[in-house]
Amino acid sequence: MDRDLEAPERIALATTGAELIAEGFERYLTRFRALTGEARGNFERSDWPSIQRGAKNRLDLYGGFVVRSVSAIHELLGRHAGERETWAAIRAVFERRIALHPERELAETFFNSNVRRVFHTVGVDPLVEFVRAETFPARYAPPWSFTEVYHREGTLDEVLQRVLRDSGFTIPWDDLQGDAARVAAALAAQIQPGDVEAIEMVCAPFFRGKGAYLAGQIQTRGGRIPLLLALRNPAGSILLDAALFTEDEMSVVFSFAHTYFFVELERVKEMVDFLASMLPRKPIADLWSALGFHRHAKTELYRSLLHHLATSNEQFDVAVGQRGLVMVVFALPGFDVVFKVIRDRFPPPKTVTHEVVREKYRLVFRHDRAGRLVDAQEFEHLEFPRARFTPALLQELATSASESVEVRESTVVLRHLYTERRLIPLDVFLQDAPAMDARAAVLEYGQVMRDLAATNIFPGDMLLKNFGVSRHGRVIFYDYDELCLLTDCRFRDLPSATTAEEEVALEPWYFVGEDDIFPEEFRAFLGLRGELLESFLASHGELLEPAFWRRMQDLHSQGVVPDIYPYPASRRLRPEDARWEAT
């Protein structure tokens, strides 16, 4: 029988183990930055397929490096790999190793991922994991290391020309002087041009999909306002497509429903703090996600949840909205997140399996979400006091989700769940919304389907209850169990009845394949009536025709990547382009 470790042996193993994990983290970070650095060249070449591949490859990095790191640790520690005392020693050495690391927060999360893969810890274990006690960790503050300040010298047009010229692209501008003039004119509609004292810009562009963004802020006599310049490269030269000047507009571009940005950074935490200064209502977890660090975003989300529980007496309760057939959905009243647990069994008409549901979430995670699919975080082995759950929710979890939830005498263990940003279900929103807001939401509902089709996604279940409205009025899809690739569907014309019997048949008298979809039937599922239905049909009537969906399939089969804009058409600066391309 192997003997226990002596103290000097444990220290030696801990030192080597901590170094193995630190090396794994550094290799991950190096590869992450290499993939991020490829985005600029892909944008300049209009190589949109490479940008899409790069986004997926970067998402896959983290898990692979954690697996290799854990394997190396197991090989080093042998039978001692499961000893908490040994891991506590590794943690202590690792903490000293990263004390001055510029990405210390990311390194701690990487270490925790190793620990949880080894121990499958229920709840948290402070002995072997990093669990930050401080509610508000130290933040960076101006002057920022990655910005350039352009003081007001000359006209506003001239300042903006310097901003654009310094963005570092190797391809030419389509009309740099004209673009600067258009931004100046748009800004003059917001504030007095003479009030502008300086413009501070992040030196590195943000890349996502077919767009690039220059982010910064305008220093005025009355304070600071955000500045976000949206760039396109449709034909080998850069044009400035839109200028955004409000927190809300910028917040939508950095939304939890978008794919993550590529932006070259030396200190990620500093960029998070800079963005937080301009988007103070945006959760910190969302900003980490927006920069591509989704696993640390998960850490930040969990810590904010623990803080909320520690500073309130709120209970988890069944979420507002219709009861889901696939998920038990619950929430905390003052916490802007919903929690979703897969039910043990799905009643008709649902035919999916648990694994299929998980696969749908994996698909969404790796796909272009186009600002229309909620980013979901997957958690395992969470534990909370039983007293923090309402009796109604406990009953629901115990009777409908016992495979994923264990209700104990004093605690509730959530073996597996997803978290998503809380939205107002569209059907609930339309019940009480003023007429103008209701009409806007219905038009957004149609745009969701267009945007998803442009990214090769078909939502499957188009009931209003599966869509939500954000605080910005954006409509977003969040129910994924029937979601699929658009190119996997067969969109058919509804056959015409040829006999009286077929005319009155209660069931389809024609063959319907598993992947067959009849858009002409969508109208029955919209749940819209009167003026709302008329508004929808006027703007989005072609969604009820197979031709639209087939046309989108043809675009995808040709490798075409359609344009999708995270800002209104009214914000586009060129009159000849101030319309949405047909999608």
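Between Trp549 and Phe491, the ring planes are parallel. Angles under 30° get that label, and only those over 60° would be called perpendicular. Ring pair Phe261/Phe206 is perpendicular by interplanar angle, where above 60° counts as perpendicular and below 30° as parallel.
For the residue pair Tyr565 / Arg571, no side-chain donor-acceptor distance below 3.5 Å is found, with atom types taken as modelled. Between the side chains of Glu108 and Asn112, no donor N or O sits under 3.5 Å from an acceptor N or O. Of the N and O atoms on the side chains of Tyr62 and Ser113, at least one donor lies less than 3.5 Å from an acceptor on the other residue.
Residues satisfying the salt bridge (charged side-chain N to carboxylate O under 4.0 Å, His left out) test with Asp515, not counting sequence neighbours, are none. By the side-chain hydrogen bond (donor to acceptor under 3.5 Å, both in side chains) test, Thr299 pairs with Thr109, sequence neighbours left out. Under the salt bridge (charged side-chain N to carboxylate O under 4.0 Å, His left out) criterion, Asp368 pairs with no residue, sequence neighbours left out. Checked against ring-ring contact (aromatic ring centres under 6.0 Å, His included), His258 has no partners two or more places apart in sequence or in another chain. Contacts of Glu247 classified as side-chain hydrogen bond (donor to acceptor under 3.5 Å, both in side chains), with partners at least two apart in sequence or in another chain: Arg281. Scored by the salt bridge (charged side-chain N to carboxylate O under 4.0 Å, His left out) test, Glu420 finds Lys340 as partners (sequence neighbours excluded). With sequence neighbours excluded, the residues satisfying salt bridge (charged side-chain N to carboxylate O under 4.0 Å, His left out) with Glu406 are Arg408, Arg415.
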In a table with atom names and distances, give each donor-acceptor pair under 3.5 Å that connects a side chain of residues 373-382 to protein atoms at least two apart or in another chain.
unit_1 : atom_1 : unit_2 : atom_2 : d
Asp375 : OD1    : Tyr260 : OH     : 3.3
Asp375 : OD2    : Tyr260 : OH     : 2.8
Gln377 : NE2    : His294 : O      : 2.9
Glu378 : OE2    : His416 : NE2    : 2.5

Give the table of side-chain donor-acceptor pairs shorter than 3.5 Å for residues 523-536, with sequence neighbours excluded, one pair per line with atom names and distance.
unit_1 : atom_1 : unit_2 : atom_2 : d
Ser535 : OG     : Arg439 : NE     : 3.3
Ser535 : OG     : Glu531 : O      : 3.0

Pairs of donor and acceptor atoms involving the side chains of residues 317-335, under 3.5 Å and at least two apart or interchain, shall be tabulated with distances.
unit_1 : atom_1 : unit_2 : atom_2 : d
Asp317 : OD1    : Thr390 : OG1    : 2.9
Gln322 : NE2    : Asp427 : OD2    : 2.9
Arg323 : NE     : Glu396 : OE2    : 3.3

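When all heavy atoms of Ala285 and Leu301 are compared, the closest pair comes out as CB-N, 3.8 Å. When every heavy atom of Asn456 is checked against every heavy atom of His556, the shortest pair comes out as N-NE2, 3.2 Å. When all heavy atoms of Ile342 and Ala401 are compared, the closest pair comes out as O-CB, 3.8 Å. For the residue pair Val561 and Gln52, the shortest heavy atom distance occurs at CG1-NE2, 3.8 Å. The shortest non-hydrogen separation linking Gly209 to Ile51 is O-CD1, 3.3 Å. Taking all atoms of both residues into account, the shortest heavy-atom contact from Leu543 to Gly446 is CD1-O, 3.7 Å.
Taking OG of Ser404 as the reference point, atom CG of Asp344 lies at 6.5 Å (rounded to 0.5 Å). For the atom pair CG (Leu287) and CD (Glu300), the distance works out to 10.0 Å, reported to the nearest 0.5 Å.
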CA sep, side-chain torsions, deciding dist, call: Phe274, Tyr140, ring-ring contact (aromatic ring centres under 6.0 Å, His included): CA-CA 8 Å; Phe274 171 77; Tyr140 287 94; over 10 Å; no
Criterion ring-ring contact (aromatic ring centres under 6.0 Å, His included) on Tyr445 and His540, from CA distance to verdict: CA-CA 9 Å; Tyr445 170 57; His540 300 298; 8.5 Å; no
From CA spacing to verdict: side-chain contact (heavy atoms from CB on, under 4.5 Å), Leu228, Tyr567: CA-CA 11 Å; Leu228 194 65; Tyr567 40 82; over 6 Å; no
Verdict with supporting geometry, Arg139 and Ile284, side-chain contact (heavy atoms from CB on, under 4.5 Å): CA-CA 12 Å; Arg139 291 190 171 185; Ile284 292 299; 3.8 Å; yes
Test log, rule side-chain contact (heavy atoms from CB on, under 4.5 Å), inputs Phe346 and Thr353: CA-CA 8 Å; Phe346 312 142; Thr353 65; 5.6 Å; no
Full working for side-chain contact (heavy atoms from CB on, under 4.5 Å) between Glu103 and Val268: CA-CA 7 Å; Glu103 307 297 356; Val268 185; 3.4 Å; yes
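Of the candidates Phe458, Tyr418, Phe365, Tyr361, Tyr480 forms a ring pair (Phe, Tyr, Trp, His ring centres under 6.0 Å) with just one, namely Tyr361.
Under the salt bridge (Lys or Arg N to Asp or Glu O under 4.0 Å) criterion, no residue pair touches residues 303-315, with sequence neighbours excluded. Sequence neighbours left out, the pairs with a member in residues 470-486 that pass salt bridge (Lys or Arg N to Asp or Glu O under 4.0 Å) are Asp248-Arg471, Lys350-Asp481, Lys350-Glu482.
One finds a salt bridge joining Arg372 and Glu444 here, because a Lys/Arg side-chain nitrogen approaches an Asp/Glu carboxylate oxygen to under 4.0 Å. Salt bridge Arg550/Asp493: present, at least one basic N to carboxylate O contact under 4.0 Å. Comment: Lys56 does not engage Asp60 in a salt bridge, judged by the lack of any side-chain N to carboxylate O separation of less than 4.0 angstrom. With respect to Glu542 and Arg450, a salt bridge is recorded, a charged nitrogen being found less than 4.0 Å from a carboxylate O.
Geometric assessment of Arg295 against the ring of Phe110 yields a negative cation-pi assignment under the 6.0 Å and 45° thresholds. Judged by the 6.0 Å and 45° rule, Arg492 forms no cation-pi pair with Phe518.
Between Phe207 and Tyr213, the distance from one ring center to the other does not fall under 6.0 angstrom.
Atom CG of Asp488 has more than 12 heavy atoms from other residues, nucleotides or ligands within 6.0 Å.
Under a 3.5 Å cut-off, the side chain of Glu520 and the backbone N or O of Glu545 do not form any donor-acceptor pair.
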